[in-house]
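So you know, we letter chains A, B, ... as the sequences are listed, proteins then strands, and number each from 1. Source: prediction; values computed, not measured. Side chains are part of it too, since the values below use all heavy atoms of this structure and drop only hydrogens, waters and symmetry mates.
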Amino acid sequence: IEEGLIFELGRPEASGVDLPEPAPFQSRLGGLERKTPIGLPGLSEPETVRHYVRLSQKNYSIDTGIFPLGSCTMKHNPRLNERMARLPGFGDIHPLQPQSSVQGALELMKEISHWLLTLTGMQAVALSPRAGAHGEACGMMAIKQALIARGEAEQRKVVLVPDSAHGTNPATATLVGFEVRSVPAREDGIVDVEAVRQALGPDVAAIMLTNPNTCGLFEKNIVEIAEAMHEAGAYFYCDGANFNAIVGRARPGDLGVDAMHINLHKTFSTPHGGGGPGAGPVVLSSRLAPHAPLPFLVQEKAGLRLVEDKAEAPGTFGRIGAFHGQMGMYVRALTYMLSHGADGLRQASEDAVLNANYVRVGLADLMSLPFGNRPCMHEALFDDAWLKGTGLSVLDFAKAMIDEGFHPMTVYFPLVVHGAMLIEPTESESKATLDLFVAALRDLAMAVQRGDKERFLGAPHYAPRRRLDETRAARTPVLKWTKPAPIEN
Amino acid sequence: IEEGLIFELGRPEASGVDLPEPAPFQSRLGGLERKTPIGLPGLSEPETVRHYVRLSQKNYSIDTGIFPLGSCTMKHNPRLNERMARLPGFGDIHPLQPQSSVQGALELMKEISHWLLTLTGMQAVALSPRAGAHGEACGMMAIKQALIARGEAEQRKVVLVPDSAHGTNPATATLVGFEVRSVPAREDGIVDVEAVRQALGPDVAAIMLTNPNTCGLFEKNIVEIAEAMHEAGAYFYCDGANFNAIVGRARPGDLGVDAMHINLHKTFSTPHGGGGPGAGPVVLSSRLAPHAPLPFLVQEKAGLRLVEDKAEAPGTFGRIGAFHGQMGMYVRALTYMLSHGADGLRQASEDAVLNANYVRVGLADLMSLPFGNRPCMHEALFDDAWLKGTGLSVLDFAKAMIDEGFHPMTVYFPLVVHGAMLIEPTESESKATLDLFVAALRDLAMAVQRGDKERFLGAPHYAPRRRLDETRAARTPVLKWTKPAPIEN
Amino acid sequence: MRYLPLTPEDRTEMLARVGVPSVDALFEDIPAAKRLVELPDLPLHKGELEVERWLGRLSAKNLAASAAPFFVGAGAYKHHVPASVDHLIQRSEFMTSYTPYQPEIAQGTLQYVFEFQTQVAALTGMEVANASMYDGSTATGEAVLMAHRLTKRGKAILSGGLHPHYAQVVTSQAALTGHDVVVMPPDLQAKEDLVGRLDAQTSCLVVQSPDVFGNLRDLEPLAEACRKQGVLLIAVFTEAVSLGLVKAPGDMGADIVVGEGQSIGNALNFGGPYVGLFATRSKYLRQMPGRLCGETLDADGRRGFVLTLSTREQHIRRDKATSNICTNSGLCCLAFTIHLTLLGEQGLRQLATINHAHAVDLADRLAKVPGVELLNETFFNEFTIRLPGRAEDHVEALAAQGILAGVPVSRLLPGQGCDDLLIIASTEVNSDDDRAALVDALAKQIA
Amino acid sequence: MRYLPLTPEDRTEMLARVGVPSVDALFEDIPAAKRLVELPDLPLHKGELEVERWLGRLSAKNLAASAAPFFVGAGAYKHHVPASVDHLIQRSEFMTSYTPYQPEIAQGTLQYVFEFQTQVAALTGMEVANASMYDGSTATGEAVLMAHRLTKRGKAILSGGLHPHYAQVVTSQAALTGHDVVVMPPDLQAKEDLVGRLDAQTSCLVVQSPDVFGNLRDLEPLAEACRKQGVLLIAVFTEAVSLGLVKAPGDMGADIVVGEGQSIGNALNFGGPYVGLFATRSKYLRQMPGRLCGETLDADGRRGFVLTLSTREQHIRRDKATSNICTNSGLCCLAFTIHLTLLGEQGLRQLATINHAHAVDLADRLAKVPGVELLNETFFNEFTIRLPGRAEDHVEALAAQGILAGVPVSRLLPGQGCDDLLIIASTEVNSDDDRAALVDALAKQIA
């Protein structure tokens, strides 16, 4: 049975809530009452519940199978996190209550800050960014503010971004008013120190580097790059999307990083939620700490206090959002950290890397590896060289995986590799699952070799929908439901 | 992907919990330590969550579609009920805490008793039965005890049970030490007063009658039957499984009922949970009230008190279970009652009856009605006369419904009707859903007429499993997993 | 009315289609004199917020286990249940589905029941287990009836260590069915002579371990004696966690094992819903009450699960059924099996060990309090102490201080001279501070 | 470690398959001197019970909204969220799925996003809405940048009624990008002259209604003035429930409407996560930031939904993107759309009416307290009063009595001479008793 839209199911008289009639009163709307219908459908509670339950069943999720999207770190989302986030003392407090009435919440923010700083070896943290990209913006704004403070903002307008970077990096740099200068990667997939040195100049403000990078490799020369940046008077922004690979194994602060965002929804298991909410706290070096945004925590005799007034923080670049950030996500992430502990967090990174390598060796003979069959970090990157001449694309291969019951890996990213297929199993997958996954991919790869094209071109066959026409959607955008015109008799 | 059994997925070293090491201590087990492995599998938390999420996806449920099982009342299960049942003051209290520390819980029991008594017009209630069948046992035990008190237990050993009764009725009667005497129904599906009168004698203890009955009809002569029973010195047990049809429209107490169980999981929306838990409080007439089981509530100056000591209740037949019953279900049912209120409860019954009749008229021309196309109560009963000569059975028809995305109705019950198909849509279904449901059944019925046999004989085609071999299961029962013998080389 | 999808317009339209002038016409079979005209004398419908307030007020009047140092047991136990358990049992597809009578679209339920049966058989050391009973007490009642059917005898002997509520379930039933029951006097230290009571009329001997006073009992000698007399040994437990550390009743020779499964996966719930475990030997299978799930194949030859052997059950066999049970404890059984899957072999052993360790620690500390006498030589996570004066008074006094100290034996066995006895349980949820608080408060109370 | 499925045996086996002697070998690209040998100086792993205790202790130190008469608003509002909302958003398939980049197996997410976009467009009276932003404040920032792109001008004028945090987001951004911002002084009674500020350099005028002080603003004259000057009117709201009763900003001529969606479906969460709503006219679509879901057909011709127009987005367009937003507020947007579906046209109107009624009642009662001055002529569910003395001190005093009275304006606008002002919100969760408690306590406090 197809599930209609709420607008097709609803009736104006129906409602899924019961509300009391208020006592008579005198309106104070000053003549601004809404006089026309809003156009919302009404559904009873049973209809509403069924609608969303049915919709949910059309989704793939981590809870139903491996979700090996490279660069996305789809790991297990513990239910304890959810339970803790819903404690009334966390979920049911207002950001503008008197601070005296939320000391436990402030303590929690202090505690997660402590964990993040200890794990990264950095000096300060701005908790408030709402997601990775927002964290990037925050970090780059701190850099801009530092340059302003140094009087070099007009001079230093260029940000170096490797070709392999997430799209958010150049977008962020531009958003904050920088220009982007590309840095090519070496043959072996990592950024070349020499290339960085060549790109450096007095006009350079910073580099934005992902480490481990989007090819699943650790940037070996990171210390040299950081030194080169610092020598040139520029800053080192590290995209922390892949921090998951090295927690407990290396600290960005030791590597010369000036700012790095941490995706709590990747590394620390807060759920991706079909597209959010995330949280992207930014850790800062001592060079950038004075320029951190509002609010931030200070410990005073009477307790913890959030500094919210710019007058108290002359170096700050200001504010990147209302209130104090994604409290609900801090609770979840801290719950995860406390559960894992120092030992578990390190073990998780090790298992993530081991799992990726296990997948790599399992497929290396059938699929092609752009940088050779060498150890990777937490994700294994393949390219489409092995598909050449088969008439099949990476997308066809990905869609065929759906028919095998698996979510595809990330495809066509990073851009530096032709026909990239980036597989990140994470530490949450068992050996048995990886064995099944590898076997299914091997089976598909052999089908490619056999020339069994229909299995791929028509895929997916067994999903809630066959392949969807994205071009059509973009050519004539239908972005909301509109009431169909009545059919004439 | 097929989902293995936990025993196939687990490893002995794995665990989904982390527990602290206790301080050293001296065991007091007196040499009764377990020395051999238990044989339980170990799974991490992510594996466990995924296992059960995947299993759940193989189930049909009310939240995913109409569940029109006659006599089962699969209505909407509000989530508010679940939230309330988990309040610490209800879910996290022990049945043997001091009664002074659980006055709110006792008040809740008193409140739900008040609702049940008001809705049924009866004099007393025994809350503790765990389910409908348990309630039946409880009611029949009260009757037995009353007979003992009257000195007629040896004489009155027979219980009248109509052919159309639920199987639990005769089973219960036997369990409590009665003998069952069948009472046939009339041509029009209801119990004949004359037949009851004829079956009555000094050996009769009671009648067990379902009303509305399992044919979906209100027993019109119920008052006469009750009077006949009472005149003969016997009791009237009413099976309240179908009380949902008449809440707010008629009170069993007014009809002469002596005892009736109420399935809180049918009439008052506590979830069926794939087979329980239920709750089956029994309401009693003043004639049976003194014989109610322990515990029961009394209001005292200091507060409410549960009477648990037989010494305080000389008439009681004793105890039917440990502690005080299904508190978790009382909370859910009371939440539902408070939500609906007197007006909503009556409206719900009316809508349930209207929905059933709407389905009846929608199918009456294609399928056959054993008692003619006359109004029914909350369920519409069809028989298989219309399938005669098609080579298809009711079961085939039911399994074909699965392929249309619907749960089948109850089939082959009640036994008095050949090839019974009992449809109970409940008040939770919208007109739109009923229209779809009726259209799908009409389409199938027309396929029957066309002789499209494969659509039925092979059904279901689109379920997690094709038709399952029940005979095989019963012939060589495999009731648990056993480790497969190692394969010899 | 948020739960009712029909709008007034729908109703009008549908009544027209049905061909009746009003909904009243559909209720005409109710005798006119008995039809209700007025609404029941009860409040009208309320919104969620109002209902939450109303029930929240009642809930707040109770002292929750997690809000107090908590040592109450005697048949129900406070354990920590992982968050994922409650999350999973609330999945729509589990919670709002029915008894799996259409197996093709109920494999989720059927597979977990099959897994549950396997787990229960393993835990109890038996060959076969059913798909759950209401709770431990009713399972005990059913076990006695099953023994009567198997032995064709009619007398049950109940140990003095059996939970008094369980004993009352058996005696209440027997009083009405005409069976015999011998209830042994309260047996505080597991020293009663049960073997001497067995005779040729005895159908079964019912023994609990750990018993209601906390004592562990070696079932082997009893099993041997039973075997000699053709008596079935019914082993009962109320604390399923004990099976992680204590020898399985099946391994000690029990014929039927029944117990309460609440303490794995399920909340206290003021006494219910709980989940009854029921296991026996394969040879007794046909007389076993309750639902059973079995493995089979589908039309394509794939493994699948169905309810089976339902010819024993009421909906087929009616008055010849082995039991009248129909709805059982589905969702509680799911909670049990999920929690046990999370625990696994290692986790359950560890959990049981912590329970035992906490109880040993508490018993040792209490035994040092002047005036307190520890009765048990053996125990798992529960034991009985003798106090100066009425235990109930002390418990009330401590409750007023926010400490829930245990179950006075007089609550279970009134008027049997046990008024100075208190049953105390200590599980993994008791912190060191909790135990210290109890010891201190009790010492002060009786000083 | 309960979250890690690999056992030591698995690891050994897998390392062998990978062909490395130990896991260390996989980390050799990390410069030797920078590799960590010791574990981080943090506690070791903890079981669920310990974690619950630890966090429970912190939670208990906060005064929850539901535990107090509660009148705090100014950008985030306490509303009652039906139980089914939180249940549904926790469905595994919603909560643990990703951004729907593989639409064939993400139709659940895509369809609700499509429905959400339709609802937001209807609520705001606009033609097109996106799939959510982080929150109202960042959506405002994005709207200003969008206006700059569309008008190719660089100056934003921010009303003195705009939430100060929102204003700060815009000014912080502008300070770094070199755009101009005019922040009007606090406008307590919606009397500022905005029209006079518009000029040929002005890209956009940003006006909030109900504004931060609670006043309602008629946008029509502003829209007309903007149109004349080629200025875009950005309408902001922080209380989405107001849209049930108040004229839609789109109907008053706004070009871009942004707002906070928290108050429908979402908890207070101490400030986040929330959900930003963003709607505009179709003609501006290509410059709209954020994700969009569109309708299309699959290979079999069936209706389906996909993310579309992603050529505006960062993962395709990189440094030319309309925004850098990637992860948005998926699950909060789901909560919003479910709650709004439950409410429906009628329910939302009714809810808004109750909110307004409660606020009117409270304002009238407070206005009668000697020393209290009500500033607002118009308001929805929030208004501002002037008190004798510092509002912050009064609020602290009332908090100590367990009453959360509102937001002192000085918290939002320190050092701007607003120390005696208090913003008070009253929603459907405030009972009559709650309002009486506030009035009484405040009267005593200032007496």
- line: Between D:V306 and A:E470 the two heavy atoms that sit nearest each other are CG1-CG, 4.2 Å

- prompt: Which one of D:Q117, D:E377, D:H163, D:Q102 has the most heavy-atom pairs closer than 4.5 Å to chain A?
  reply: D:Q102

query: Counting heavy-atom pairs under 4.5 Å to chain A, which of D:C332, D:G330, D:G304 comes out on top?
result: D:G330

field: Option that, when pairs with chain D are counted at under 4.5 Å, heavy atom only, ranks first among A:H134, A:M329, A:E308
entry: A:H134

query: Tell me, side chain or backbone of D:L123 under 4.5 Å from chain A's heavy atoms, or both, or neither?
result: both

Short side-chain to backbone donor-acceptor contact, D:S172 and A:R319, under 3.5 Å: yes

message: Looking at A:D469, is its backbone amide N or carbonyl O close enough to the side chain of D:T296 to form a donor-acceptor pair, meaning the two atoms are under 3.5 Å apart?
response: yes

message: Once side-chain contact (heavy atoms from CB on, under 4.5 Å) is applied, do any residues pair with D:E28, and if so which ones, sequence neighbours excluded?
response: D:A25, D:R35

query: Any donor and acceptor pair, going by atom type alone, linking the side chain of A:Q326 with main-chain N or O of D:G272 inside 3.5 Å?
result: no

field: Interchain contact, A:E13 with chain D, by part (heavy-atom threshold 4.5 Å)
entry: both

D:A121, part contacting chain A, at a heavy-atom distance under 4.5 Å: side chain

query: Shortest non-hydrogen contact from D:Y98 to A:C72?
result: OH-SG, 3.1 Å

query: Do A:N59 and D:T109 meet the criterion of a side-chain donor-acceptor pair at a distance under 3.5 Å?
result: yes

- request: Examine whether an atom of D:Y166 lies under 4.5 Å from a heavy atom of chain A, and if so say whether it belongs to the side chain, the backbone or both; otherwise answer neither.
  value: side chain

Heavy-atom pair with the smallest gap, counting every atom of D:P40 and A:A342: O-CB, 3.5 Å

query: Taking all non-hydrogen atoms of both residues, which atom of A:G278 and which atom of D:T327 are closest, and how far apart?
result: N-CG2, 3.6 Å

message: Working to the nearest 0.5 angstrom, can you tell me the gap between A:L43 CG and D:I338 CD1?
response: 12.0 Å

message: Any donor-acceptor pair under 3.5 Å linking the side-chain atoms of D:H356 with those of A:E33?
response: no

- request: For each of D:L351, D:N376, D:D41, D:T378, tally heavy-atom pairs with chain A at distances under 4.5 Å, and name the one with the top tally.
  value: D:T378

query: Hey, is the main chain of A:G104 close enough, under 3.5 Å, to the side chain of D:N62 for a donor-acceptor pair?
result: yes

- prompt: Of the backbone (N, CA, C, O) and the side chain (C-beta and beyond), which part of D:L26 lies under 4.5 Å from a heavy atom of chain A, both, or neither?
  reply: both

- prompt: Side chain, backbone, both or neither: which part of D:E13 has a non-hydrogen atom closer than 4.5 Å to chain A?
  reply: side chain

query: Quick one: does A:H51's side chain get under 4.5 Å of D:Q111's, heavy atoms only?
result: yes

Heavy-atom side-chain proximity of D:K247 to A:L29 below 4.5 angstrom: no

message: What part of D:D218 gets within 4.5 angstrom of chain A, counting heavy atoms only: side chain, backbone, both, or neither?
response: both

- request: Tell me, for A:P37 versus chain D, whether the close heavy atoms (under 4.5 Å) come from the side chain, the backbone, both or neither.
  value: both

message: Within the 4.5 Å heavy-atom criterion, are A:D63 and D:M95 side-chain neighbours or not?
response: no

Options A:P293, A:P20, A:G458, A:A173, ranked by heavy-atom pairs under 4.5 Å with chain D, top entry: A:P20

query: Among A:G325, A:G177, A:A279, A:P375, which has the most heavy-atom pairs under 4.5 Å with chain D?
result: A:G325

query: Is any side-chain heavy atom of A:H94 closer than 4.5 Å to a side-chain heavy atom of D:L404?
result: no

field: Min side-chain heavy-atom separation D:P5-A:H76 under 4.5 Å
entry: no

- prompt: Is there a side-chain contact between D:F380 and A:R28 (heavy atoms, below 4.5 Å)?
  reply: no

task: Using modelled atom types only, decide if a donor and an acceptor are shared between the side chain of A:K144 and the backbone of D:L176 within a distance under 3.5 Å.
output: yes

message: Counting only non-hydrogen atoms closer than 4.5 Å, does D:L88 touch chain A with its backbone (N, CA, C, O), its side chain (CB onward), both, or neither?
response: side chain

message: Please classify the contact of A:Q347 with chain D as side chain, backbone, both or neither, using a heavy-atom distance under 4.5 Å.
response: both

- prompt: Under a 4.5 Å heavy-atom cutoff, which of A:A398, A:P22, A:G42 has the most pairs with chain D?
  reply: A:P22

message: When you compare the side chain of D:L55 with that of A:L338, does any pair of heavy atoms fall below 4.5 Å?
response: yes

task: Please confirm whether the backbone N or O of A:L96 pairs with a side-chain atom of D:R411, one donor and one acceptor, at under 3.5 Å?
output: yes

task: With a 4.5 Å cut-off on heavy-atom pairs, point out which of D:L63, D:L334, D:D361 contacts chain A the most.
output: D:L63

query: Which answer fits A:F7, side chain, backbone, both or neither, if we ask what part of it has an atom under 4.5 Å from a heavy atom of chain D?
result: side chain

task: Return the minimal non-hydrogen interatomic distance between D:T96 and A:S61, and the atom names on each side.
output: OG1-CB, 3.2 Å

task: Output yes when a side-chain donor or acceptor of D:Q346 lies under 3.5 Å from a complementary backbone atom of A:S15, and no otherwise.
output: no

query: For D:R2 and A:S339, does a side-chain donor sit closer than 3.5 Å to a side-chain acceptor?
result: yes

query: Where do D:L243 and A:R34 come nearest, in terms of heavy atoms and distance?
result: O-NE, 2.8 Å

message: Please classify the contact between D:A399 and chain A as side chain, backbone, both or neither, with a heavy-atom cut-off of under 4.5 Å.
response: side chain

task: Please determine, among A:L119, A:V53, A:I246, the option with the most heavy-atom pairs under 4.5 Å with chain D.
output: A:V53

query: Can you tell me if D:Q168 uses its side chain to pair, donor with acceptor, with the backbone of A:G318 under 3.5 Å?
result: no

query: Is A:N355 close to D:M14 at the side-chain level, that is, under 4.5 Å between some pair of heavy atoms?
result: yes

statement: With sequence neighbours left out, the residues meeting ring pair (Phe, Tyr, Trp, His ring centres under 6.0 Å) with A:F67 are A:Y60, A:H407

statement: The interface call for D:R91 against chain A, heavy-atom contacts under 4.5 Å, is side chain

- request: Among D:G347, D:A267, D:S84, D:A106, single out the residue with the greatest number of heavy-atom pairs under 4.5 Å to chain A.
  value: D:A106

query: In terms of heavy-atom pairs under 4.5 Å, which option from A:S27, A:A137, A:G10 contacts chain D the most?
result: A:S27

query: Which bit of A:V223 is near chain D, if near means a heavy-atom gap under 4.5 Å: side chain, backbone, both or neither?
result: side chain

query: So, D:D300 and A:R466, do they make that salt bridge, N to O below 4.0 Å?
result: yes

query: Between D:T353 and A:L19, does a side chain to side chain contact (heavy atoms under 4.5 Å, CB included) hold up when you go through it step by step?
result: CA-CA 10 Å; D:T353 305; A:L19 293 165; over 6 Å; no

message: With a 4.5 angstrom heavy-atom cut-off, is it the side chain or the backbone of A:F25 that approaches chain D, or both, or neither?
response: side chain

- prompt: Any sub-3.5 Å donor-acceptor pair from D:E115's side-chain atoms to A:I6's backbone N or O?
  reply: yes

- prompt: Going by atom types alone, do A:T64 and D:E93 pair a side-chain donor with an acceptor below 3.5 Å?
  reply: no

message: Tell me if a side-chain donor or acceptor on D:S59 pairs with a main-chain N or O of A:G89 at a distance below 3.5 Å.
response: yes

message: Under 4.5 Å from any heavy atom of chain D, what part of A:L345 do you find: side chain, backbone, both or neither?
response: neither

task: Go through D:T118, D:L15, D:T138 and name the one with the most non-hydrogen pairs under 4.5 angstrom from chain A.
output: D:T118

